[in-house]
Amino acid sequence: MTTKKTFFLFLFINIVFLFSSFAQKYSAVDKIVLKYPKSFDTTEELAERIEKDFNSEHDKARAIYSWIAFNIKYDYAAFLRPAKTQGFSYRTEAEKQKKIQQLEDKLIQNAFKSHKAVCEGFTALYQHLASLAGLKCEIIKGDSKTRLDDIGREELNSNHAWNMVLVDKKWRLIDVTWGQGYFDNNKGRMVNDFSPVYFDTDPDYFFTKHFPDSGSYLGNRLSKEDFLNGPLLYNKGIEGNHKIKEPESGIIEAGNGEKITFLIANISKSDQFYYLNKRNQPVKIVNGKEKKGGLEFQITFDKNIGNYITFFLDTNSIVSFKVVSK
């Protein structure tokens, strides 16, 4: 292979592995918030600016999401070396609640002033600003699904937090931590990449990647098995409404030579749609047929299929499955 061809193959593979990247699309609210100062003296000052510029509950909730996502960065160093749990003593319930509130206020101000936080800081700041803007908001703790190893994981972990905000009498799901960017495994660091997809996310998509400690959403029980064993969806898959209609599980068991059938919504035969084999070589889907608003196709399981199979649309990852040999 010539040096020039090797370079372009290397460049292509690196582009392909930017799993969470997609073209920036800012709403009218986002464009206004982008003109805000990066810093305000107080959270009250920021909330007053948002209330001045926006009238609807939806726009206020989006403005808070956007400002935090634009200006607060994920503190990966703090994630790797979390601070020890801070204990305190108290004599009465009132004193206990006061000290809890003081710790919460400190968390909020640290995120607001330092422009760095982990998910607890993001969610606490969002809830605080929402309250100042007259919105009812809650913090939800639970499990998150972000890695290939999470497909088929046996146990739940309480490792993440997100928000629910009441807008026009309807609870909306918010994950502003993921809205500000993602961790790039190739670069070994966080990448600032605003994503609107985690504001008012469709619950069907949201709970493929989030599982609350309570195990329920608005009084409805969620399936632990569906969460743990489901495929791993990426931002572009959610943004493009690429629902996975087949297979039903994210864990595929197949024998050598067996054909695996897939059906993914909102993909056509003319799209640049492919997967990577275990050598990270792109393999274009050529046998697909359009069916039920999506693309149905088959892949033959053989020694070239690795432990995971990830599908891409153009240069964006859509979904990953775990493949287990029979």
Side-chain angles (χ1 to χ4, degrees), residues 19-30 33 56-70 72 74 119-120 122-127 129-130 135-147 150 159-183 193-224 226-228 230-245 250 264-266 313 316-320:
F19 279 179
S20 300
S21 64
F22 61 89
Q24 302 287 354
K25 292 182 180 178
Y26 298 120
S27 70
V29 172
D30 301 334
V33 174
S56 73
E57 291 181 343
H58 181 276
D59 288 355
K60 291 177 185 178
R62 176 60 177 246
I64 296 168
Y65 176 91
S66 301
W67 190 89
I68 294 176
F70 291 148
I72 309 297
Y74 191 85
C119 60
E120 290 86 353
F122 278 94
T123 54
L125 180 57
Y126 189 94
Q127 184 187 49
L129 290 169
L135 302 173
K136 185 177 181 181
C137 181
E138 294 184 7
I139 295 173
I140 310 298
K141 294 183 179 181
D143 198 350
S144 64
K145 193 170 188 174
T146 60
R147 305 176 306 157
D150 288 331
N159 57 19
H160 192 44
W162 55 91
N163 295 99
M164 292 199 310
V165 60
L166 190 63
V167 172
D168 299 327
K169 300 180 181 181
K170 178 183 176 182
W171 286 104
R172 317 286 175 142
L173 293 161
I174 308 283
D175 191 338
V176 69
T177 308
W178 289 1
Q180 64 82 41
Y182 63 95
F183 184 79
D193 184 23
F194 174 73
S195 171
V197 77
Y198 294 108
F199 175 80
D200 192 12
T201 314
D202 181 331
D204 287 345
Y205 284 123
F206 197 86
F207 292 116
T208 65
K209 299 174 72 70
H210 302 76
F211 195 87
D213 289 341
S214 67
S216 65
Y217 171 61
L218 301 182
N220 298 315
R221 298 298 298 177
L222 300 172
S223 172
K224 169 184 172 182
D226 286 352
F227 172 78
L228 291 173
L232 178 62
L233 284 173
Y234 299 100
N235 289 6
K236 191 68 177 180
I238 299 173
E239 182 193 10
N241 194 26
H242 299 298
K243 290 187 181 294
I244 312 304
K245 298 183 177 181
I264 302 178
N266 294 313
L313 182 62
N316 298 288
S317 53
I318 299 296
V319 63
S320 291

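Bear in mind that the values here come from a model prediction, so they are computed numbers and not experimental data.
- The closest donor-acceptor contact from the side chain of Ser216 to the backbone of Gly219 lies at 3.5 Å or more, if one exists at all.
- His210 and His160 get closest at one heavy-atom pair: CD2-CD2, 3.9 Å.
- When every heavy atom of Ile139 is checked against every heavy atom of Ala161, the shortest pair comes out as CG2-CB, 4.4 Å.
- Residues Leu232 and Thr146 approach most closely at CD2-O, 3.8 Å, considering heavy atoms.
- For residues 206-223, no residue pair satisfies the salt bridge (charged side-chain N to carboxylate O under 4.0 Å, His left out) rule, not counting sequence neighbours.
- Side-chain atoms of Lys243 never come within 3.5 Å of backbone atoms of Asp204 as a donor-acceptor pair (strictly under, hydrogens ignored).
- Arg62 CZ to Asp30 CG: the interatomic distance, rounded to the nearest 0.5 Å, is 4.0 Å.
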Could you please spell out the steps behind the side-chain contact (heavy atoms from CB on, under 4.5 Å) verdict for Asp193 and Asn235? CA-CA 11 Å; Asp193 184 23; Asn235 289 6; 6.0 Å; no
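- In this structure the side chain of Met164 reaches within 4.5 angstrom of the side chain of Ile140, judged on heavy atoms.
- For Tyr65 and Tyr126, the gap between ring centers reaches or exceeds 6.0 Å.
- Between Phe199 and His58, the ring centre distance stays below 6.0 Å.
- A salt bridge is defined here as a Lys NZ or Arg NE, NH1 or NH2 lying under 4.0 Å from an Asp or Glu carboxylate O, and Glu239 with Lys236 meets this definition.
- Judged by the 6.0 Å distance and 45° axis criteria, Lys145 is not positioned over the aromatic ring of Phe211.
- How far CG of Leu135 is from CG of Asn163: 11.5 Å, rounded to the nearest 0.5 Å.
- In this structure, CD1 in Ile64 is found 5.5 Å from CG in Leu129, a value given to the nearest 0.5 Å.
- A distance of 13.0 Å separates CD1 in Ile174 from CD in Glu138, rounded to the nearest 0.5 Å.
- Not counting sequence neighbours, the partners of Ser144 by the side-chain hydrogen bond (donor to acceptor under 3.5 Å, both in side chains) test are Asn159.
- Heavy atoms only, all atoms of each residue included: Phe70 and Val33 are closest at CD1-CG1, 4.0 Å.
- To the nearest 0.5 Å, atom CG of residue Asp202 and atom CG of residue Leu173 are 9.0 Å apart.
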Pair Ser27-Val29, side-chain contact (heavy atoms from CB on, under 4.5 Å): steps then yes or no: CA-CA 5 Å; Ser27 70; Val29 172; 3.7 Å; yes
side-chain contact (heavy atoms from CB on, under 4.5 Å), that's the test. Do Ser66 and Phe194 meet it? Break it down for me. CA-CA 8 Å; Ser66 301; Phe194 174 73; 4.2 Å; yes
Evaluate the side-chain contact (heavy atoms from CB on, under 4.5 Å) criterion for residues Asp175 and Thr201: first the C-alpha distance (whole Å), next the side-chain angles of each, then the deciding distance (0.1 Å), finally the verdict. CA-CA 9 Å; Asp175 191 338; Thr201 314; over 6 Å; no
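- Results of the ring-ring contact (aromatic ring centres under 6.0 Å, His included) test with Tyr198 over Trp178, Trp162, Phe122 single out Trp178 as the only residue that passes.
- Residues Val165 and Ala61 come closest through the heavy atom pair CG1-CB, 4.3 Å.
- Lys245 approaches Ala265 most closely through the heavy-atom pair CE-CB, 4.0 Å.
- The distance from the NZ atom of Lys170 to the CG atom of Asp200 is 6.0 Å, given to the nearest 0.5 Å.
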